[in-house]
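Let me begin by presenting the structure, written as structure tokens, before commenting on it.
All residue numbers in this chain count up from 1 along the given sequence.
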Amino acid sequence: MSVPLLQVNDLKKHFPVNKGLFGRQTEFVYAVDGVSFEIARGETLSLVGESGCGKSTVGRAILRLFDVTSGQVVLDGQRIDDAHPSTMRQLRQRIQVVFQDPFSSLNPRMRVRDILAEPIRNFGLAKSATDLETRVTALMDTVRLPREALNRRPHEFSGGQRQRIGIARALAAEPELIVCDEAVSALDVSVKAQIVNLLQDLQREFGLALLFISHDLAIVEHMTHRVAVMYLGKIVEIAPRREIFAAPRHPYTKALLSAVPLPEPGAKRNPIILGGDVPSPINPPKGCRFHTRCPFVFDRCRTEEPHLRSEGEQWVACHLDALPAG
């Protein structure tokens, strides 16, 4: 059995919040609180959930944009959550990111040529100036932008074109895994489809693994292999795309999917309306974190935290012994 490209084991990230007159009383935001999953080579895993559930924090923790509170992040058999900065610098070549905002993620003072050349220089991938230029122009071809645009700056492009530059910058390092953090949520519908198709083409061409973080379930259904559903810092269900969208098991997953707009005018929808609001991540509920809104809640849910258990190809964190499908 092959080793997964990425393994995340019981990942936790708690952000301190200082209170009181002198900031001495400290609370914590439990943004991510015990998340585990794997991504195989060439696979797309989508991380979905409501805003504030912690999915972007998971992506940033994997990228080591900040230190994790506890848990492990393992890239191709090597732990990276506690790697020395000098070691991490080399490992960053293998894992890159495409951010949500294609404008703020690009340096407005740099020309596209320099933006794409920077990671190539940083990781010593070009053998000469000629090789560097060849690589930069090839990247423009790969993301389907004209080579004449290399001397422009980011403000001279549309949102979709800027996101293509962001993707090209990620590809410049020749990574094995790309974290797409809401990479298409800021784009128009038609442009969004183009970027999604581009990502799929690049995945097939280069054998990339993708961690696709999104709240757009229609996009997720189109491009992913597996889906992990997050609620209040925890994963409540992981399953292949087909099973998630055809027969979700967790009550929260069902409610989430029932809110997806149908593309057919006049089609009847039966949305599941959840009561109450999402609890604060500073003071999350004891037991199952979904029990304050769950329509099937019972006493055990209020005191005992559920753990992911296998339901065939699906993994579900719920105390219901016989979860109804669909």
Side-chain angles (χ1 to χ4, degrees), residues 3-13 15 31-32 35 37-43 45 47 56-102 104-136 138-139 142-143 154 163 165-183 199 202-203 206-213:
V3 177
L5 177 62
L6 181 73
Q7 294 174 286
V8 177
N9 302 318
D10 197 27
L11 181 67
K12 296 182 181 181
K13 179 57 184 177
F15 294 97
V32 177
V35 165
F37 59 84
E38 298 177 347
I39 302 179
R41 297 178 187 276
E43 180 188 28
L45 173 69
L47 201 55
S56 289
T57 304
V58 170
R60 291 168 184 260
I62 291 171
L63 291 161
R64 278 286 300 274
L65 297 184
F66 42 64
D67 292 332
V68 302
T69 302
S70 65
Q72 296 182 347
V73 180
V74 182
L75 181 65
D76 199 15
Q78 179 178 0
R79 281 189 65 176
I80 64 174
D81 57 278
D82 60 354
H84 189 273
S86 60
T87 303
M88 194 62 207
R89 178 178 174 81
Q90 296 304 317
L91 291 173
R92 288 192 189 281
Q93 180 183 349
R94 305 177 64 186
I95 178 169
Q96 291 289 303
V97 61
V98 178
F99 291 103
Q100 176 177 356
D101 187 347
S104 63
S105 63
L106 300 174
N107 190 331
R109 297 185 178 185
M110 294 177 67
R111 298 184 187 275
V112 173
R113 182 186 305 279
D114 299 319
I115 291 173
L116 301 186
E118 187 174 37
I120 299 174
R121 292 194 187 99
N122 286 347
F123 297 115
L125 300 177
K127 299 177 181 178
S128 64
T130 302
D131 186 22
L132 177 62
E133 183 66 18
T134 300
R135 287 172 177 267
V136 168
L139 286 169
T142 300
V143 297
Q163 197 61 293
I165 296 169
I167 294 171
R169 179 179 59 183
L171 291 174
E174 300 180 354
E176 299 170 58
L177 170 69
I178 296 180
V179 176
C180 300
D181 185 9
E182 299 278 9
L199 287 170
L202 295 175
Q203 184 175 42
F206 299 108
L208 296 170
L210 300 177
L211 175 60
F212 192 79
I213 299 168

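- Here the closest non-hydrogen pair linking D67 and K13 is O-NZ, 2.7 Å.
- The local environment of CZ in R41 is crowded, with over 12 non-hydrogen atoms from other residues, nucleotides or ligands closer than 6.0 Å.
- The shortest heavy-atom contact between A117 and L132 is CB-CD1, 3.9 Å.
- Closest of all the heavy-atom pairs between A61 and L11 is CB-CD2, 4.0 Å.
- The heavy-atom pair separating A126 from D131 by the smallest distance is CA-OD2, 3.4 Å.
- Ion pairing of D181 with R60 is present here, as a side-chain N (NZ or NE/NH1/NH2) and a carboxylate O approach within less than 4.0 Å.
- With hydrogens and angles disregarded, a donor-acceptor distance shorter than 3.5 Å links the side chain of Q163 to the backbone of F99.
- When each of L208, I167, I178, V98 is paired with L199, the side-chain contact (heavy atoms from CB on, under 4.5 Å) condition holds for I167 and for no other.
- Atom OG1 of T57 and atom CZ of F15 lie 5.0 Å apart (nearest 0.5 Å).
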*asked:* Quick one, V179 with F212, criterion side-chain contact (heavy atoms from CB on, under 4.5 Å). Give me CA distance, side-chain angles, the key distance, then yes/no.
replied: CA-CA 6 Å; V179 176; F212 192 79; over 6 Å; no

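- The one candidate from I62, L45, V8 that meets the side-chain contact (heavy atoms from CB on, under 4.5 Å) condition with I39 is L45.
- Looking at D114, its side chain never comes within 3.5 Å of a backbone N or O of M110 through a donor-acceptor pair.
- In this structure, Q72 and D10 have side chains that are not in contact, with every pair of non-hydrogen atoms separated by 4.5 Å or more.
- In this structure, the side chain of Q96 engages the main chain of R92 through a donor-acceptor pair within 3.5 Å.
- With rounding to the nearest 0.5 Å, the separation of CD1 in I120 from CD in Q93 is 10.5 Å.
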*Please report the C-alpha distance between M88 and I80 in whole Å, then the side-chain angles of each, then the deciding distance to 0.1 Å, and finally whether the side-chain contact (heavy atoms from CB on, under 4.5 Å) criterion is met.*
CA-CA 7 Å; M88 194 62 207; I80 64 174; 4.1 Å; yes

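- To the nearest 0.5 angstrom, T134 atom OG1 is 12.0 Å from K127 atom NZ.
- Here the CG atom belonging to L91 is positioned 6.5 Å from the OG1 atom belonging to T87, to the nearest 0.5 angstrom.
- The CD atom of E176 sits 6.5 Å away from the CG atom of L75 when rounded to the nearest 0.5 Å.
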_side-chain contact (heavy atoms from CB on, under 4.5 Å) between R79 and V73, worked out_ = CA-CA 6 Å; R79 281 189 65 176; V73 180; over 6 Å; no

*Intermediate values then yes/no, side-chain contact (heavy atoms from CB on, under 4.5 Å), F206 and T142*: CA-CA 11 Å; F206 299 108; T142 300; 3.9 Å; yes

*Evaluate the salt bridge (charged side-chain N to carboxylate O under 4.0 Å, His left out) criterion for residues E118 and R169: first the C-alpha distance (whole Å), next the side-chain angles of each, then the deciding distance (0.1 Å), finally the verdict.*
CA-CA 8 Å; E118 187 174 37; R169 179 179 59 183; over 6 Å; no

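- Within the 3.5 Å criterion, the main-chain N or O of G77 finds no donor-acceptor partner in the side chain of Q7.
- Residue L177 is tested with V97, L63, L5, D76 for a side-chain contact (heavy atoms from CB on, under 4.5 Å); the sole match is L5.
- Nearest heavy atom pair, residue L125 against residue A172, reads CD1-O, 3.3 Å.
- Side chain of K12 to main chain of V35: no donor-acceptor pair is present (N/O by atom type, distance under 3.5 Å, no hydrogens or angles).
- Heavy-atom minimum distance, C180 versus L210: SG-CD2, 4.3 Å.
- Using a cutoff of 4.0 Å between basic side-chain nitrogens and carboxylate oxygens, D81 and R64 are not scored as salt-bridged.
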